[in-house]
Amino acid sequence: MNDTLSTENLSENVQTEAAAPLPRIGITGGDTNGIGYEIVLKAFAEPALLEICTPILYGSPRTAAYHSKGLNIDTKFHIIDNAADAREGELNLLTCFEEEVKVEFGKPSPEAGRAALLSLERACSDYREGLFDALVTGPIHKSSIQCDTFRFAGHTEYLQDRLGDGREALMILFNHHLRVALATTHLPVSRISEAITPERLEERLRTFFASLTHDFLVSAPRIAVLGLNPHNGDDGMMGHEEKEVIRPVIEKLVAEGLQCFGPYSADGFFGGAHYQQFDGVLAMYHDQGLAPFKALAGGSGVNFTAGLPVVRTSPDHGTAYDIAGRGVASEASLRQAIYAAIDLSRNRRRDSEARKNPLEKLYHDRREDGERSRHAHPRRAE
(Lines give C-alpha, C1' and ligand atoms only; values in the text may rest on other atoms or scores of the structure.)
Protein backbone atom coordinates (compact mmCIF):
# COMPACT_ATOMS: atom_id res chain seq x y z
CA MET A 1 0.00 0.00 0.00
CA ASN A 2 1.27 3.47 -0.83
CA ASP A 3 2.21 5.34 2.34
CA THR A 4 2.10 9.11 1.99
CA LEU A 5 1.38 9.97 5.63
CA SER A 6 4.31 9.53 7.96
CA THR A 7 6.39 11.45 10.43
CA GLU A 8 9.35 11.15 8.07
CA ASN A 9 7.41 12.59 5.15
CA LEU A 10 6.09 15.32 7.41
CA SER A 11 9.63 16.32 8.40
CA GLU A 12 10.59 16.55 4.73
CA ASN A 13 7.54 18.67 4.02
CA VAL A 14 8.40 21.02 6.87
CA GLN A 15 11.94 21.49 5.58
CA THR A 16 10.70 22.08 2.03
CA GLU A 17 8.16 24.65 3.16
CA ALA A 18 10.25 26.19 5.93
CA ALA A 19 9.60 29.71 4.67
CA ALA A 20 5.80 29.28 4.73
CA PRO A 21 3.74 30.05 7.85
CA LEU A 22 3.13 27.04 10.05
CA PRO A 23 -0.25 25.40 9.45
CA ARG A 24 -2.86 26.43 12.00
CA ILE A 25 -4.62 23.45 13.56
CA GLY A 26 -7.88 23.86 15.44
CA ILE A 27 -8.29 21.29 18.25
CA THR A 28 -11.48 20.79 20.26
CA GLY A 29 -11.12 19.66 23.87
CA GLY A 30 -14.03 17.22 23.73
CA ASP A 31 -15.88 15.96 26.79
CA THR A 32 -14.49 17.64 29.91
CA ASN A 33 -14.93 14.49 32.01
CA GLY A 34 -12.91 12.33 29.62
CA ILE A 35 -9.27 12.26 28.52
CA GLY A 36 -9.47 14.96 25.82
CA TYR A 37 -7.70 17.75 27.70
CA GLU A 38 -5.22 15.30 29.18
CA ILE A 39 -3.97 14.03 25.81
CA VAL A 40 -3.77 17.54 24.33
CA LEU A 41 -1.69 18.80 27.27
CA LYS A 42 0.56 15.74 27.08
CA ALA A 43 1.02 16.04 23.31
CA PHE A 44 2.24 19.63 23.62
CA ALA A 45 4.34 19.08 26.75
CA GLU A 46 7.26 18.52 24.36
CA PRO A 47 8.12 21.36 21.94
CA ALA A 48 8.40 19.15 18.83
CA LEU A 49 4.76 19.59 17.73
CA LEU A 50 5.01 23.35 18.15
CA GLU A 51 7.78 23.39 15.54
CA ILE A 52 5.47 22.07 12.80
CA CYS A 53 2.09 23.67 13.55
CA THR A 54 0.34 26.44 15.44
CA PRO A 55 -2.29 24.75 17.65
CA ILE A 56 -5.50 26.45 18.75
CA LEU A 57 -7.26 24.52 21.50
CA TYR A 58 -10.98 25.36 21.68
CA GLY A 59 -12.18 25.03 25.24
CA SER A 60 -11.91 26.60 28.69
CA PRO A 61 -8.78 27.91 30.43
CA ARG A 62 -10.29 26.96 33.81
CA THR A 63 -10.97 23.41 32.67
CA ALA A 64 -7.50 23.09 31.14
CA ALA A 65 -5.92 24.39 34.35
CA TYR A 66 -7.94 21.89 36.42
CA HIS A 67 -6.76 18.99 34.26
CA SER A 68 -3.20 20.26 34.22
CA LYS A 69 -2.98 20.63 38.00
CA GLY A 70 -4.92 17.50 38.85
CA LEU A 71 -2.89 15.31 36.51
CA ASN A 72 0.44 17.03 37.18
CA ILE A 73 1.04 17.98 33.55
CA ASP A 74 3.24 21.05 33.29
CA THR A 75 2.18 22.38 29.88
CA LYS A 76 1.94 26.14 29.42
CA PHE A 77 -0.76 27.64 27.23
CA HIS A 78 -1.47 31.10 25.82
CA ILE A 79 -5.06 32.26 26.45
CA ILE A 80 -6.77 34.06 23.53
CA ASP A 81 -10.29 35.19 22.64
CA ASN A 82 -9.82 35.22 18.87
CA ALA A 83 -8.11 32.63 16.67
CA ALA A 84 -6.46 35.43 14.70
CA ASP A 85 -4.37 36.18 17.81
CA ALA A 86 -2.80 32.71 17.95
CA ARG A 87 0.99 32.74 18.32
CA GLU A 88 3.47 30.40 16.72
CA GLY A 89 5.53 28.34 19.16
CA GLU A 90 2.79 28.21 21.81
CA LEU A 91 -0.25 26.13 22.67
CA ASN A 92 -3.01 28.69 22.18
CA LEU A 93 -6.18 28.16 24.22
CA LEU A 94 -9.23 29.94 22.83
CA THR A 95 -11.89 30.68 25.45
CA CYS A 96 -15.22 29.26 24.24
CA PHE A 97 -17.15 29.80 27.48
CA GLU A 98 -16.47 31.79 30.63
CA GLU A 99 -18.50 29.86 33.19
CA GLU A 100 -16.80 27.24 35.32
CA VAL A 101 -17.57 23.66 34.38
CA LYS A 102 -17.64 21.05 37.11
CA VAL A 103 -15.21 18.28 36.15
CA GLU A 104 -16.18 14.79 37.32
CA PHE A 105 -13.71 12.40 35.75
CA GLY A 106 -15.27 9.32 34.23
CA LYS A 107 -18.90 10.45 34.58
CA PRO A 108 -21.20 11.47 31.72
CA SER A 109 -23.03 14.72 32.39
CA PRO A 110 -25.07 17.27 30.41
CA GLU A 111 -22.65 19.97 31.65
CA ALA A 112 -19.66 18.19 30.11
CA GLY A 113 -21.63 17.58 26.91
CA ARG A 114 -22.58 21.25 26.64
CA ALA A 115 -18.94 22.31 27.11
CA ALA A 116 -17.88 19.95 24.31
CA LEU A 117 -20.57 21.33 21.99
CA LEU A 118 -19.65 24.96 22.67
CA SER A 119 -16.05 24.19 21.71
CA LEU A 120 -17.14 22.38 18.56
CA GLU A 121 -19.54 25.12 17.48
CA ARG A 122 -16.91 27.83 17.90
CA ALA A 123 -14.35 25.80 15.97
CA CYS A 124 -16.79 25.28 13.08
CA SER A 125 -17.57 28.98 13.02
CA ASP A 126 -13.88 29.90 12.96
CA TYR A 127 -13.19 27.40 10.17
CA ARG A 128 -15.90 29.09 8.10
CA GLU A 129 -14.01 32.34 8.65
CA GLY A 130 -10.76 30.77 7.42
CA LEU A 131 -9.01 31.15 10.78
CA PHE A 132 -7.31 27.74 10.75
CA ASP A 133 -6.29 25.13 8.17
CA ALA A 134 -7.47 21.80 9.58
CA LEU A 135 -9.54 20.49 12.48
CA VAL A 136 -8.66 17.82 15.07
CA THR A 137 -11.53 16.85 17.35
CA GLY A 138 -11.27 15.53 20.89
CA PRO A 139 -13.55 12.64 21.91
CA ILE A 140 -17.16 13.37 22.88
CA HIS A 141 -19.73 11.32 24.79
CA LYS A 142 -22.45 10.81 22.20
CA SER A 143 -25.28 10.71 24.73
CA SER A 144 -24.19 13.63 26.94
CA ILE A 145 -23.79 16.03 24.01
CA GLN A 146 -27.33 15.53 22.71
CA CYS A 147 -29.49 18.67 22.88
CA ASP A 148 -31.74 20.82 20.70
CA THR A 149 -28.80 21.88 18.50
CA PHE A 150 -27.04 18.50 18.40
CA ARG A 151 -29.18 15.61 17.20
CA PHE A 152 -26.48 13.58 15.53
CA ALA A 153 -24.93 10.15 16.01
CA GLY A 154 -21.43 11.64 16.22
CA HIS A 155 -18.85 14.09 14.88
CA THR A 156 -19.04 12.75 11.32
CA GLU A 157 -22.75 13.45 10.91
CA TYR A 158 -22.52 16.82 12.69
CA LEU A 159 -19.66 18.07 10.53
CA GLN A 160 -21.41 16.88 7.38
CA ASP A 161 -24.39 19.03 8.38
CA ARG A 162 -22.41 22.10 9.48
CA LEU A 163 -19.47 22.15 7.05
CA GLY A 164 -20.37 19.72 4.26
CA ASP A 165 -21.97 22.23 1.87
CA GLY A 166 -24.25 19.43 0.68
CA ARG A 167 -21.54 16.76 0.42
CA GLU A 168 -21.66 13.31 2.01
CA ALA A 169 -19.02 12.53 4.63
CA LEU A 170 -17.08 9.27 4.62
CA MET A 171 -15.43 7.87 7.75
CA ILE A 172 -11.93 6.50 7.11
CA LEU A 173 -9.77 4.93 9.83
CA PHE A 174 -6.11 4.66 8.86
CA ASN A 175 -2.53 4.26 9.94
CA HIS A 176 0.67 3.75 7.91
CA HIS A 177 -0.39 0.27 6.73
CA LEU A 178 -4.17 0.18 6.43
CA ARG A 179 -7.10 2.40 5.40
CA VAL A 180 -10.63 1.27 6.24
CA ALA A 181 -13.72 3.22 5.15
CA LEU A 182 -17.30 2.54 6.25
CA ALA A 183 -20.34 2.19 3.99
CA THR A 184 -22.53 2.84 7.06
CA THR A 185 -21.40 4.44 10.30
CA HIS A 186 -23.41 4.84 13.50
CA LEU A 187 -26.42 2.62 12.81
CA PRO A 188 -28.08 -0.09 14.89
CA VAL A 189 -27.23 -3.53 13.50
CA SER A 190 -30.93 -4.11 12.74
CA ARG A 191 -30.88 -1.24 10.21
CA ILE A 192 -27.63 -1.99 8.39
CA SER A 193 -29.01 -4.23 5.65
CA GLU A 194 -31.69 -1.77 4.54
CA ALA A 195 -29.12 1.05 4.46
CA ILE A 196 -26.81 -0.75 2.01
CA THR A 197 -28.45 0.25 -1.26
CA PRO A 198 -26.78 0.33 -4.70
CA GLU A 199 -26.93 4.13 -4.69
CA ARG A 200 -25.33 4.47 -1.27
CA LEU A 201 -22.64 1.90 -1.95
CA GLU A 202 -21.70 3.50 -5.26
CA GLU A 203 -21.52 6.95 -3.66
CA ARG A 204 -19.34 5.61 -0.82
CA LEU A 205 -16.92 3.99 -3.26
CA ARG A 206 -16.66 7.08 -5.48
CA THR A 207 -15.96 9.24 -2.43
CA PHE A 208 -13.33 6.75 -1.25
CA PHE A 209 -11.60 6.76 -4.64
CA ALA A 210 -11.61 10.57 -4.73
CA SER A 211 -10.15 10.77 -1.22
CA LEU A 212 -7.40 8.24 -1.92
CA THR A 213 -6.27 10.23 -4.95
CA HIS A 214 -6.78 13.77 -3.61
CA ASP A 215 -6.08 13.41 0.13
CA PHE A 216 -3.60 10.52 0.17
CA LEU A 217 -2.07 11.10 -3.31
CA VAL A 218 -2.48 7.46 -4.34
CA SER A 219 -2.53 7.03 -8.11
CA ALA A 220 -4.91 4.38 -9.53
CA PRO A 221 -6.00 3.21 -6.04
CA ARG A 222 -7.06 -0.41 -5.49
CA ILE A 223 -10.05 -0.86 -3.16
CA ALA A 224 -11.25 -4.10 -1.60
CA VAL A 225 -14.97 -4.31 -0.80
CA LEU A 226 -16.15 -6.55 2.03
CA GLY A 227 -19.38 -8.54 1.95
CA LEU A 228 -22.17 -8.01 4.45
CA ASN A 229 -23.08 -11.58 5.47
CA PRO A 230 -20.98 -14.45 6.86
CA HIS A 231 -19.11 -16.27 4.07
CA ASN A 232 -20.35 -13.65 1.57
CA GLY A 233 -23.87 -15.01 1.96
CA ASP A 234 -22.87 -18.55 0.92
CA ASP A 235 -24.43 -18.13 -2.51
CA GLY A 236 -27.70 -16.89 -1.06
CA MET A 237 -27.93 -19.30 1.87
CA MET A 238 -27.12 -16.55 4.40
CA GLY A 239 -28.24 -13.43 2.57
CA HIS A 240 -28.61 -11.89 -0.88
CA GLU A 241 -26.91 -8.50 -0.51
CA GLU A 242 -23.65 -9.69 -2.05
CA LYS A 243 -25.34 -10.97 -5.23
CA GLU A 244 -28.05 -8.32 -5.56
CA VAL A 245 -26.29 -5.14 -4.37
CA ILE A 246 -22.56 -5.32 -3.71
CA ARG A 247 -21.29 -7.32 -6.71
CA PRO A 248 -23.34 -5.35 -9.32
CA VAL A 249 -21.98 -2.05 -7.99
CA ILE A 250 -18.41 -3.38 -8.14
CA GLU A 251 -18.96 -4.54 -11.73
CA LYS A 252 -20.37 -1.15 -12.72
CA LEU A 253 -17.36 0.74 -11.36
CA VAL A 254 -14.89 -1.76 -12.82
CA ALA A 255 -16.47 -1.14 -16.24
CA GLU A 256 -15.58 2.55 -15.77
CA GLY A 257 -11.95 1.69 -15.03
CA LEU A 258 -12.01 1.98 -11.23
CA GLN A 259 -9.85 -0.64 -9.50
CA CYS A 260 -12.50 -2.20 -7.28
CA PHE A 261 -12.38 -5.82 -6.04
CA GLY A 262 -14.59 -8.18 -4.06
CA PRO A 263 -16.77 -8.78 -2.25
CA TYR A 264 -14.56 -10.54 0.30
CA SER A 265 -15.60 -12.36 3.43
CA ALA A 266 -14.35 -10.13 6.27
CA ASP A 267 -12.95 -12.86 8.55
CA GLY A 268 -10.74 -14.48 5.93
CA PHE A 269 -9.79 -11.11 4.44
CA PHE A 270 -8.30 -9.73 7.65
CA GLY A 271 -7.21 -13.09 9.03
CA GLY A 272 -5.17 -13.76 5.88
CA ALA A 273 -3.71 -10.20 5.81
CA HIS A 274 -5.12 -9.68 2.30
CA TYR A 275 -5.56 -5.97 3.13
CA GLN A 276 -1.84 -5.57 2.44
CA GLN A 277 -2.57 -5.93 -1.29
CA PHE A 278 -4.91 -2.91 -1.41
CA ASP A 279 -4.80 0.86 -0.91
CA GLY A 280 -8.12 0.88 0.91
CA VAL A 281 -10.86 -1.37 2.29
CA LEU A 282 -14.57 -0.56 2.31
CA ALA A 283 -16.40 -2.27 5.18
CA MET A 284 -20.18 -2.51 5.26
CA TYR A 285 -20.68 -1.46 8.87
CA HIS A 286 -18.95 0.03 11.90
CA ASP A 287 -17.68 -2.98 13.84
CA GLN A 288 -16.90 -5.04 10.74
CA GLY A 289 -14.22 -2.51 9.81
CA LEU A 290 -13.22 -0.91 13.10
CA ALA A 291 -12.76 -4.04 15.24
CA PRO A 292 -10.01 -5.53 13.04
CA PHE A 293 -8.56 -2.10 12.30
CA LYS A 294 -8.09 -1.22 15.98
CA ALA A 295 -6.66 -4.66 16.70
CA LEU A 296 -4.12 -4.23 13.91
CA ALA A 297 -3.39 -0.51 14.47
CA GLY A 298 -2.42 -0.92 18.11
CA GLY A 299 -3.14 2.67 19.15
CA SER A 300 -1.62 4.34 16.08
CA GLY A 301 -4.91 4.82 14.22
CA VAL A 302 -6.47 8.08 13.05
CA ASN A 303 -10.11 8.81 12.22
CA PHE A 304 -10.46 10.99 9.10
CA THR A 305 -13.69 12.49 7.79
CA ALA A 306 -13.29 12.40 4.01
CA GLY A 307 -15.54 13.98 1.39
CA LEU A 308 -15.92 17.38 3.11
CA PRO A 309 -14.24 20.73 2.40
CA VAL A 310 -12.66 20.70 5.87
CA VAL A 311 -9.80 18.34 6.75
CA ARG A 312 -10.91 16.77 10.03
CA THR A 313 -9.08 14.09 11.95
CA SER A 314 -9.40 12.67 15.45
CA PRO A 315 -7.86 9.96 17.63
CA ASP A 316 -9.33 6.52 17.01
CA HIS A 317 -10.63 6.22 20.60
CA GLY A 318 -13.41 7.69 22.72
CA THR A 319 -13.62 9.54 26.03
CA ALA A 320 -12.03 6.59 27.91
CA TYR A 321 -14.03 7.26 31.07
CA ASP A 322 -12.53 4.14 32.63
CA ILE A 323 -9.08 5.77 32.87
CA ALA A 324 -10.04 9.48 32.91
CA GLY A 325 -8.37 11.42 35.71
CA ARG A 326 -5.71 8.79 36.39
CA GLY A 327 -3.03 10.38 34.22
CA VAL A 328 -2.34 7.20 32.25
CA ALA A 329 -4.00 8.07 28.92
CA SER A 330 -1.72 7.86 25.88
CA GLU A 331 -1.48 10.86 23.57
CA ALA A 332 -0.06 8.76 20.70
CA SER A 333 -3.25 8.63 18.62
CA LEU A 334 -3.86 12.37 19.05
CA ARG A 335 -0.31 13.11 17.96
CA GLN A 336 -0.83 10.98 14.85
CA ALA A 337 -4.13 12.80 14.21
CA ILE A 338 -2.29 16.13 14.27
CA TYR A 339 0.43 14.85 11.94
CA ALA A 340 -2.27 13.54 9.60
CA ALA A 341 -4.24 16.81 9.63
CA ILE A 342 -1.11 18.70 8.58
CA ASP A 343 -0.15 16.23 5.88
CA LEU A 344 -3.66 15.76 4.47
CA SER A 345 -4.26 19.50 4.14
CA ARG A 346 -0.91 19.89 2.35
CA ASN A 347 -1.69 16.94 0.08
CA ARG A 348 -5.01 18.55 -0.88
CA ARG A 349 -3.36 21.85 -1.67
CA ARG A 350 -0.60 20.26 -3.73
CA ASP A 351 -3.02 18.06 -5.66
CA SER A 352 -5.28 21.02 -6.42
CA GLU A 353 -2.32 23.09 -7.59
CA ALA A 354 -1.03 20.26 -9.78
CA ARG A 355 -4.43 19.93 -11.47
CA LYS A 356 -5.10 23.65 -11.91
CA ASN A 357 -4.11 23.82 -15.58
CA PRO A 358 -3.90 20.21 -16.79
CA LEU A 359 -2.52 19.40 -20.22
CA GLU A 360 -4.88 17.69 -22.61
CA LYS A 361 -4.65 13.89 -22.28
CA LEU A 362 -3.15 12.62 -25.55
CA TYR A 363 -2.99 8.91 -24.82
CA HIS A 364 -4.40 6.19 -22.60
CA ASP A 365 -2.28 4.31 -20.11
CA ARG A 366 -2.83 0.69 -21.15
CA ARG A 367 -0.72 -0.98 -18.49
CA GLU A 368 -2.51 -3.92 -17.03
CA ASP A 369 -3.43 -4.51 -13.39
CA GLY A 370 -4.33 -8.15 -13.42
CA GLU A 371 -6.86 -8.29 -16.27
CA ARG A 372 -8.06 -4.71 -15.76
CA SER A 373 -6.65 -1.75 -17.65
CA ARG A 374 -5.74 1.18 -15.42
CA HIS A 375 -7.76 3.86 -17.21
CA ALA A 376 -7.98 7.32 -15.72
CA HIS A 377 -11.18 7.55 -13.72
CA PRO A 378 -13.49 10.57 -13.49
CA ARG A 379 -12.81 12.69 -10.40
CA ARG A 380 -15.55 13.90 -8.14
CA ALA A 381 -16.12 17.64 -8.32
CA GLU A 382 -14.17 19.45 -5.61
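Hydrogens, waters and symmetry mates are skipped; everything else that's a heavy atom, side chains included, is used.
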Side-chain contact test, heavy atoms from C-beta onward, threshold under 4.5 Å: evaluate it for [X] versus [Y] and give yes or no.
{"X": "His155", "Y": "Thr305", "value": "no"}
{"X": "Met284", "Y": "Val225", "value": "yes"}
{"X": "Val311", "Y": "Leu135", "value": "no"}
{"X": "Lys42", "Y": "Thr75", "value": "no"}
{"X": "Tyr127", "Y": "Pro309", "value": "yes"}
{"X": "Cys53", "Y": "Ile338", "value": "yes"}
{"X": "Arg346", "Y": "Pro23", "value": "yes"}
{"X": "Gln160", "Y": "Arg167", "value": "no"}

Does [atom1] belonging to [X] count more than 12 external heavy atoms closer than 6.0 Å?
{"X": "Lys107", "atom1": "NZ", "result": "no"}
{"X": "Asn72", "atom1": "CG", "result": "no"}
{"X": "Glu88", "atom1": "CD", "result": "yes"}
{"X": "Glu251", "atom1": "CD", "result": "yes"}

Using the rule that Ile, Leu, Val, Met, Phe, Trp and Tyr join whenever any side-chain heavy atoms are under 4.5 Å apart, tell me whether [X] and [Y] fall into a single cluster.
{"X": "Tyr321", "Y": "Val103", "answer": "no"}
{"X": "Val254", "Y": "Val245", "answer": "yes"}
{"X": "Leu94", "Y": "Leu131", "answer": "no"}

* Asked: Given Lys356 and Glu353, is the salt bridge (Lys or Arg N to Asp or Glu O under 4.0 Å) satisfied, shown in steps?
  -> CA-CA 5 Å; Lys356 224 180 253 184; Glu353 290 172 353; 5.3 Å; no
* If you measure only the distance, is there a donor-acceptor pair under 3.5 Å linking the side chains of Glu104 and Ser109? ->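 No - no donor-acceptor pair under 3.5 Å links their side chains.
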Looking at [Y], is its backbone amide N or carbonyl O close enough to the side chain of [X] to form a donor-acceptor pair, meaning the two atoms are under 3.5 Å apart?
{"X": "Lys294", "Y": "Asp316", "value": "yes"}
{"X": "Ser330", "Y": "Ala332", "value": "yes"}
{"X": "Gln146", "Y": "Lys142", "value": "yes"}
{"X": "Ser333", "Y": "Pro315", "value": "no"}
{"X": "Arg128", "Y": "Arg162", "value": "yes"}
{"X": "Thr213", "Y": "Ala210", "value": "yes"}
{"X": "Glu157", "Y": "Phe152", "value": "no"}
{"X": "Arg24", "Y": "Ala83", "value": "yes"}
{"X": "Ser119", "Y": "Tyr58", "value": "yes"}
{"X": "Glu242", "Y": "Asn229", "value": "yes"}

Ionic contact status for [Y] with [X], cut-off 4.0 Å:
{"X": "Asp215", "Y": "Arg348", "result": "yes"}
{"X": "Glu38", "Y": "Arg326", "result": "no"}
{"X": "Arg87", "Y": "Glu90", "result": "yes"}
{"X": "Glu202", "Y": "Lys252", "result": "yes"}

* Asked: Under the side chain to side chain contact (heavy atoms under 4.5 Å, CB included) criterion, do Glu203 and Leu205 qualify, and how do the steps go?
  -> CA-CA 5 Å; Glu203 187 275 330; Leu205 280 166; over 6 Å; no
Between [X] and [Y], is the ring centroid distance below 6.0 Å?
{"X": "Phe209", "Y": "His214", "result": "no"}
{"X": "Phe216", "Y": "Phe174", "result": "yes"}
{"X": "His177", "Y": "Tyr275", "result": "no"}

Roughly how far apart are [X] [atom1] and [Y] [atom2], rounded to 0.5 Å?
{"X": "Arg179", "Y": "Phe278", "atom1": "CZ", "atom2": "CZ", "value": "13.5 Å"}
{"X": "Glu241", "Y": "Arg247", "atom1": "CD", "atom2": "CZ", "value": "12.5 Å"}
{"X": "Ile250", "Y": "Leu201", "atom1": "CD1", "atom2": "CG", "value": "7.0 Å"}
{"X": "Thr319", "Y": "Ile140", "atom1": "OG1", "atom2": "CD1", "value": "9.5 Å"}
{"X": "Asn33", "Y": "Phe105", "atom1": "CG", "atom2": "CZ", "value": "8.0 Å"}
{"X": "Ile39", "Y": "His67", "atom1": "CD1", "atom2": "NE2", "value": "11.0 Å"}

Heavy-atom pair of closest approach, residues [X] and [Y]:
{"X": "Asp267", "Y": "Ser265", "answer": "OD1-OG, 2.8 Å"}
{"X": "Ala220", "Y": "Asp279", "answer": "O-OD2, 4.2 Å"}
{"X": "Val302", "Y": "Thr313", "answer": "CG1-CB, 3.8 Å"}
{"X": "Leu91", "Y": "Leu41", "answer": "CD2-CD2, 4.3 Å"}
{"X": "Pro263", "Y": "Ile246", "answer": "CB-CG2, 3.8 Å"}

* **side chain to side chain contact (heavy atoms under 4.5 Å, CB included) between Tyr37 and Ser68, intermediate numbers included** => CA-CA 8 Å; Tyr37 280 83; Ser68 177; over 6 Å; no
* To do: Begin with the C-alpha distance, continue with both residues' side-chain angles, and end with the deciding distance and a verdict on side-chain hydrogen bond (donor to acceptor under 3.5 Å, both in side chains) for Asn92 and His78.
  => CA-CA 5 Å; Asn92 300 276; His78 171 228; 3.0 Å; yes
* To do: In sequence, state the C-alpha distance, the side-chain angles, and the governing distance for Glu99 and Arg114, and then conclude on salt bridge (Lys or Arg N to Asp or Glu O under 4.0 Å).
  => CA-CA 12 Å; Glu99 64 269 27; Arg114 179 176 177 273; 2.6 Å; yes
* **side chain to side chain contact (heavy atoms under 4.5 Å, CB included) evaluation trace for Ser60 with Val101** => CA-CA 9 Å; Ser60 161; Val101 175; 5.6 Å; no
* Show your reasoning for whether side-chain hydrogen bond (donor to acceptor under 3.5 Å, both in side chains) applies to Glu168 and Thr207. => CA-CA 8 Å; Glu168 291 283 330; Thr207 301; over 6 Å; no
* Asked: Quick one: does NZ or CZ of Arg312 land under 6.0 Å from the six-membered ring centre of Phe304, within 45 degrees of the ring axis?
  ->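 The answer is no; the distance or angle limit is not met.
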* Six-ring centre of Phe261, Arg222 cation under 6.0 angstrom, axis tolerance 45° ->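 Output yes; distance and angle both within limits.
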* side chain to side chain contact (heavy atoms under 4.5 Å, CB included) evaluation trace for Ile172 with Ser211 -> CA-CA 10 Å; Ile172 300 176; Ser211 180; 3.8 Å; yes
